[in-house]
Protein chains: 2
Amino acid sequence: MQASRPTIADVARAAGVSKGLVSFALNDRPGVSPESRTRILAAAEELGWSPSVRARSLSSDVSFAVGLVIARDPEIIADDSFFPSFISGVERVLAPRGQSLVLSVVGDERLEEATYRRLAAERRVDGVILTDLRAADSRVSLLREIGLRAISLGRTDVDASAIPAVTLDDAPAIHDAVRHLVSLGHTRIAHVAGPDRLLHAARRKASFLQAVASSNLAAPVVVETDFTAADGARATAELLDRAERPTAIVYANDAMAIAGIGVARRAGLDVPRDVSIVGFDDSAIGRYIEPALTTVATDARGWGFTAADTLLRLVSGDEVGDIELAPAELVVRDSTATAPTETNTDRRQR
Amino acid sequence: MQASRPTIADVARAAGVSKGLVSFALNDRPGVSPESRTRILAAAEELGWSPSVRARSLSSDVSFAVGLVIARDPEIIADDSFFPSFISGVERVLAPRGQSLVLSVVGDERLEEATYRRLAAERRVDGVILTDLRAADSRVSLLREIGLRAISLGRTDVDASAIPAVTLDDAPAIHDAVRHLVSLGHTRIAHVAGPDRLLHAARRKASFLQAVASSNLAAPVVVETDFTAADGARATAELLDRAERPTAIVYANDAMAIAGIGVARRAGLDVPRDVSIVGFDDSAIGRYIEPALTTVATDARGWGFTAADTLLRLVSGDEVGDIELAPAELVVRDSTATAPTETNTDRRQR
DNA sequence: TGAGTCGGCTAAACCGGTTTAGAGACAAGC
DNA sequence: GCTTGTCTCTAAACCGGTTTAGCCGACTCA
């Protein structure tokens, strides 16, 4: 039995050269004659040699891995289709380049800082992807302090130049959604928003408010949630209970929108006849429920792909700037329809 | 500016001892006097030293990381709430022990082998968690060949002793589901199964068939799917189109069950009046849709927790055997009801 | 012809830990 | 008094790569 994997010294011996030259040849650097190069590569191939990341990391101070820290309650991640798609996009970049993804799900924001510190102290990763950016996000200065490179999904409000951002504009799609509802005759359009601390949730809300304002409607009702289906249900119940019940609700994610449809139906309302529903994410399930969900489609996979690619370029020393992806798009399906006439608006019991 | 992080040599110098002794003290091994020990720990604390995993890995041949390779189409992962919950359970074990999770999403089973080989060749991880076990799974021998330790979710059919398994029995819950439907008067109960290659899907199907048989019903119809909501919708349409339409359908996951409810409604059927629906997973969304989904709850988070804990024990050299978790449980909600009488069974158009 | 340049290569240091061989001090046993 | 054993500790090798300093021979140029 050959005890352990071949090392670079074995390759050197087989090719009759020094370790150093093997290293040069394998990282194709100048200063190696063509004959030696082919001989070395042949020897490496023959021995089935592949470099040990550990040794490489130690001597070259590179981890060949990137980190992703998700600070969300597991339930929210499970409800949300964003991360799985996003991660699969990330992998499509990493795998071919021999990089690994180190994933941390911390559930609690208080553990978040410790996680980043550990990643940096142990030098597990060369850089991280920042998601779920918050207002005045403390991670921006934290990362600077611990010297960890990063890119962010969306632009931070702290120091926009500190961290390159990969952005995806959802404002046009939200405007389209509101216009779509207004054109259907809706005047009382409510919003079930995500946590206000989260920049993307706040931005969606702002876009929504602006869209409503520019349609000359009265200031709409907005209910904040934590993004879970459970909280989406609670928010919906609250909205439908109001004296001036909205005839359309725009949600910050599909999970809440789907829960919202459920709540409306339990309240004896028909969707979309009595209330129109708009989601956000374009999750697969939304396409198959009845009524099929009108929603805003964002390319989570593409976002992951570009984010990973950008981070790798940053880590390798390139100068990278912000990158803007194609904006989100409204997908109209069956959960939105003409606004009910006033006489239809009163609650009916099933 | 202090250029780089302190190393063990800095700690040694500060404490006035040798590197070796510092190493001993920090891994609390015998042979260090109490005074030296406290002096060393104080020095390390003072300097803010933390060990470099890279160096540690290189010299001790341990990666302090475990791998998870998910070979599923990204769409299926996004539809399925299992992995996010599972991973959050895994993290709850890893983080406190200074271990990292290296995640690979490969999408294509052909890339899977290469991914495991890379993980092993680069020695990125000390062990892996095997999920989505397949019939005659080639990974069992692959892992042996490349010398990667592993535990599996569910027991392999290849060489049960090769890889310790963490199992969760869903048979009782599936039997309960069928009994529940039978007690409601259903006699034509169909199953929308997952891919037959997947052991857990096949096992669920087998449990279902056995449960139906033991209720003295005729052999039921089973439609195989790829686990996506889209395929669940297709399967449902196929079932509802049959001359002898089933009055109840048991699905292999919640995403398909929810899609199935959508399809039934589009076909003008009411759930649960015309057809009863049972899911599998107990996803959050299922609780809030209307009708709330009757489903089988498995503790994905706990599964992740136990799997990670078992793998770490295995990796650290412990002798570990199979572990059986608490079985899945049926959760009865509103998507199941008394079977329709024969006159009610014919299709009505909306 | 001699100095300078360049390409190809080797030896050795280095990254930051762990681990082994063995030194020195001291107590116990004969 | 001498051997033996135990405890604490140091020096140095080692893990498997990368990188630097410098050697050697051939070639160029004045």
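Residue numbering restarts at 1 for every chain, and letters A, B, ... go by the order of the sequence lines.
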J.: Based on the rotation axes of five pairs at each end, what angle does the helix from C/dT1-D/dA30 to C/dC30-D/dG1 bend through, to 10°?
T.: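 About 60°, once rounded to a multiple of 10°.
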J.: Between B/I146 and B/A120, which heavy-atom pair has the shortest distance, and what is it?
T.: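 In terms of heavy atoms, the two residues are closest at CD1-CB, 3.7 Å.
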J.: Check this one for me: any side-chain N or O of A/R29 less than 4.0 Å away from OP1 or OP2 of D/dT19?
T.: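 The answer is yes; a side-chain N or O of A/R29 sits under 4.0 Å from OP1 or OP2.
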J.: A/V22 near the nucleic acid: base, sugar-phosphate alone, or nothing, with a heavy-atom cut-off under 4.0 Å?
T.: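 It contacts nothing in the nucleic acid.
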J.: Expressed in angstrom and rounded to an integer, what is the separation of B/R123 atom CZ from D/dG16 atom P?
T.: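 Value for this atom pair: 8 Å.
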J.: Looking at D/dG16, D/dT8, C/dG16, which one has an atom nearest to any side-chain atom of B/A55?
T.: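 When the side chain of B/A55 is considered, C/dG16 is the closest of D/dG16, D/dT8, C/dG16.
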J.: With heavy atoms under 4.0 Å as the rule, sort A/V32 into base, sugar-phosphate or nothing.
T.: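 The residue A/V32 makes sugar-phosphate contact but no base contact.
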J.: Check whether any side-chain heavy atom of B/L133 lies under 4.5 Å from a side-chain heavy atom of B/L153, and answer yes or no.
T.: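 Not in contact.
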J.: How far does CD1 of A/I77 sit from CZ of A/R72, to the nearest 0.5 angstrom?
T.: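 Reported value, rounded in 0.5 Å steps: 7.0 Å.
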J.: Counting only side-chain N and O atoms of B/S59, is one of them less than 4.0 Å from OP1 or OP2 of D/dC15?
T.: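 The answer is no; no side-chain N or O of B/S59 sits under 4.0 Å from OP1 or OP2.
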J.: Looking at C/dT10, D/dG16, D/dT19, which one has an atom nearest to any side-chain atom of B/L58?
T.: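 Of the candidates, D/dG16 comes closest.
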J.: Measure the distance from CG on A/D28 to P on D/dT19 and round it to the nearest whole Å.
T.: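 Result: 13 Å.
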J.: A/S88 pairs by side chain to side chain contact (heavy atoms under 4.5 Å, CB included) with which of B/I70, B/V106, B/V105?
T.: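 For A/S88, the side chain to side chain contact (heavy atoms under 4.5 Å, CB included) check succeeds only for B/V105.
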J.: Report yes if at least one side-chain N or O of A/W49 is closer than 4.0 Å to OP1 or OP2 of D/dG17; otherwise report no.
T.: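 Answer is yes, contact under 4.0 Å.
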J.: Looking only at heavy atoms, what is the nearest atom pair of A/L314 and A/I151, with distance?
T.: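 Closest pair (atom of A/L314, atom of A/I151, distance): CD2-CG2, 4.0 Å.
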J.: Starting at the 5' end of DNA chain C, which residue's closest nucleotide do you reach first, B/F24 or A/L21?
T.: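 Mapping each residue to its closest nucleotide by heavy atoms, the 5'-most match is A/L21.
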J.: If only side-chain N and O atoms of B/S33 are considered, is one of them under 4.0 Å from the OP1 or OP2 phosphate oxygen of D/dC9?
T.: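 Answer is yes, contact under 4.0 Å.
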J.: Given the rule in the side-chain hydrogen bond (donor to acceptor under 3.5 Å, both in side chains) test, do A/R54 and B/S63 qualify, once you have shown the distances and angles that lead to the verdict?
T.: CA-CA 8 Å; A/R54 293 168 178 173; B/S63 297; 2.5 Å; yes
J.: State whether A/R56 places a side-chain N or O below 4.0 Å from either non-bridging phosphate oxygen (OP1 or OP2) of D/dT18.
T.: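 It does, given that an N or O in the side chain of A/R56 lies less than 4.0 Å from OP1 or OP2 of D/dT18.
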J.: Heavy-atom nearest nucleotide on DNA chain D for A/S50 versus B/E35: which residue maps closer to 5'?
T.: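 Nearest nucleotide further toward 5': that of B/E35.
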J.: Look at the side chain of B/N27 and decide which nucleotide, out of C/dT18, C/dG16, D/dG17, has an atom nearest to it.
T.: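 Out of C/dT18, C/dG16, D/dG17, the nucleotide with an atom closest to B/N27's side chain is C/dT18.
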J.: Taking OP1 and OP2 of C/dT10, is either one under 4.0 Å from a side-chain nitrogen or oxygen of A/S18?
T.: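 For C/dT10, OP1 or OP2 has a side-chain N or O of A/S18 closer than 4.0 Å.
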J.: Base, sugar-phosphate, or nothing for A/S36, non-hydrogen atoms under 4.0 angstrom?
T.: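 Contact class for A/S36: sugar-phosphate only.
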J.: Quick one: label B/S23 by what it contacts on the DNA or RNA (base, sugar-phosphate, nothing), any heavy atom closer than 4.0 Å.
T.: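 Counting heavy atoms under 4.0 Å across all strands, the contact made by B/S23 includes a base.
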J.: Parallel under 30°, tilted from 30 to 60°, perpendicular over 60°: which one fits the rings of B/F82 and B/F86?
T.: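 Rings of B/F82 and B/F86: parallel, under 30°.
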J.: Checking only heavy atoms, does the side chain of B/K19 share a donor-acceptor pair with the base of C/dG17 at less than 3.5 Å?
T.: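 Between C/dG17 and B/K19, which were checked side chain against base, a qualifying N/O pair under 3.5 Å is present.
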J.: Check every atom of D/dT18, C/dG17, D/dT8 against the side chain of B/P34 and return the nucleotide holding the closest atom.
T.: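 Nearest nucleotide to the side chain: D/dT8.
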J.: Would one find more than 12 heavy atoms of other residues, nucleotides or ligands at under 6.0 Å from atom CD of B/E46?
T.: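 Atom CD in B/E46 is not packed in, count stays at 12 or less.
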